Asker: 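Here it is: the structure, laid out below.
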Amino acid sequence: MGALFAAVLVLLGSPLIDRLLQGRPRLAAAVDGVLGVLIAIAVFGAVLPFSAAVIGWPEAALVLTVGGVGGFLAHRFPALGDAVSAFAFAGLALHALVDGVALAGSSPSLGYAVVAHNVPVGMALWRAVSPGSPRLARLALLFSAFITVAGWMLAAHVEALSTAAPMALLQVSAGGMLLHSAWHLLGPARLRFFRRTSAAACNH
């Protein structure tokens, strides 16, 4: 029960975390970098292996790539943003349901992992939606928290469907879209690395 409360608190606290980072560019860049890495770890360490176990590695990798391309297209062509964002949010909601099931399990370490995982998920969701509509972003976080609680309460029923191919496909495609968000979160770190690499090359 404690892990469930913490997971929900982290999701709903994402706007506050973001506000605390305002006016602190170095800290914000560091947090963005950590969030980007955590998202990548969550996708490649949890979402992709889960989906690959259900639909196979080649198929899971392909769908992950398609999800990443979808995130890229939504960023480059705003007209596609609504459709892609709706699909991504559906995948994230389903992932929140699975998180709730994991929190209902008997493994404390898994519960702590879900809580930590909710930090980058909540921040990514908030930062993706809030620039266009802060109110919609708060509703999205609230809905995600509600779905997590529902997954915890209905764990026994959800577990019977947890290996279904549609769930695996939706999760891994949403993971690809999250990777696109991670790429942008890592932007300052990437630029700094490239600048240092270029400077070193010029010095030689």
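Worth saying up front: this structure is predicted, and the values here are computed from it rather than measured.
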Asker: Within this structure, what is the CH2-CD1 distance for the pair Trp152 and Ile147, rounded to the nearest 0.5 Å?
Answerer: 15.5 Å
Asker: Could you state whether Met1 and Leu9 fall into the same hydrophobic cluster, counting links through intermediate Ile, Leu, Val, Met, Phe, Trp or Tyr residues with side-chain heavy atoms under 4.5 angstrom apart?
Answerer: no
Asker: Mind checking whether Val34 and Leu20 sit in one hydrophobic cluster, side chains of I, L, V, M, F, W, Y counted as touching below 4.5 Å?
Answerer: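 Each belongs to a different hydrophobic cluster.
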Asker: According to side chain to side chain contact (heavy atoms under 4.5 Å, CB included), who are the partners of Leu142, at least two apart in sequence or on a separate chain?
Answerer: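 With sequence neighbours excluded, Leu142 shows a side chain to side chain contact (heavy atoms under 4.5 Å, CB included) to Leu12, given in chain and number order.
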Asker: What side-chain hydrogen bond (donor to acceptor under 3.5 Å, both in side chains) pairs are there with at least one residue in residues 2-18, not counting sequence neighbours?
Answerer: Asp18-Trp126, Asp18-Arg127
Asker: So which atom in Ala3 and which in Leu103 form the shortest heavy-atom distance, rounded to 0.1 Å?
Answerer: CB-CD2, 3.8 Å
Asker: Give me the atom names and distance for the closest heavy-atom approach of Leu141 to Gly122.
Answerer: CD2-O, 3.7 Å
Asker: If Ile, Leu, Val, Met, Phe, Trp and Tyr residues are connected whenever their side-chain heavy atoms lie under 4.5 Å apart, and connections chain through other members, are Leu62 and Val69 in the same group?
Answerer: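 Not linked; separate clusters.
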Asker: Quick one: which residue pairs count as a side-chain hydrogen bond (donor to acceptor under 3.5 Å, both in side chains) with a foot in residues 49-69, not counting sequence neighbours?
Answerer: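 Counting only pairs at least two positions apart or across chains, no side-chain hydrogen bond (donor to acceptor under 3.5 Å, both in side chains) contact touches residues 49-69.
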Asker: Report the distance from atom CZ of Phe44 to atom CG of Leu64, rounding to the nearest 0.5 Å.
Answerer: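 Rounded to the nearest 0.5 Å, the CZ-CG separation comes to 5.5 Å.
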Asker: Locate the shortest heavy-atom distance separating Ala60 from Leu48; write the atom from each residue and the value.
Answerer: CB-CD1, 3.7 Å
Asker: Please tell me whether Leu11 and Phe5 are part of a single hydrophobic cluster in this structure, the criterion being side-chain heavy atoms less than 4.5 Å apart.
Answerer: no
Asker: Treat each ILVMFWY residue as a node, draw an edge where side-chain heavy atoms are under 4.5 Å apart, and state whether Tyr112 and Ile41 are in one component.
Answerer: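 Per the 4.5 Å side-chain linkage, Tyr112 and Ile41 are not co-clustered.
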Asker: Shortest non-hydrogen contact from Val43 to Gly175?
Answerer: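 Heavy atoms of Val43 and Gly175 come nearest at CG2-O, 3.7 Å.
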Asker: Within the side chain of Asn118, is there an N or O that forms a donor-acceptor pair under 3.5 Å with the backbone of Ala7?
Answerer: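 Side chain of Asn118 to backbone of Ala7: a pair is present.
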Asker: Looking at every non-hydrogen atom in both residues, tell me the closest pair between Gln171 and Val47 and how far apart they are.
Answerer: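 Smallest heavy-atom distance, with atoms named: O-CG1, 3.4 Å.
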Asker: Quick check for you: to the nearest 0.5 Å, what is the distance between Ser144 atom OG and Leu97 atom CG?
Answerer: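 One finds 10.5 Å between OG of Ser144 and CG of Leu97.
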Asker: Working note: Thr148 + Val114, criterion side chain to side chain contact (heavy atoms under 4.5 Å, CB included); need CA distance, chi angles, decisive distance, verdict.
Answerer: CA-CA 10 Å; Thr148 301; Val114 171; 5.8 Å; no
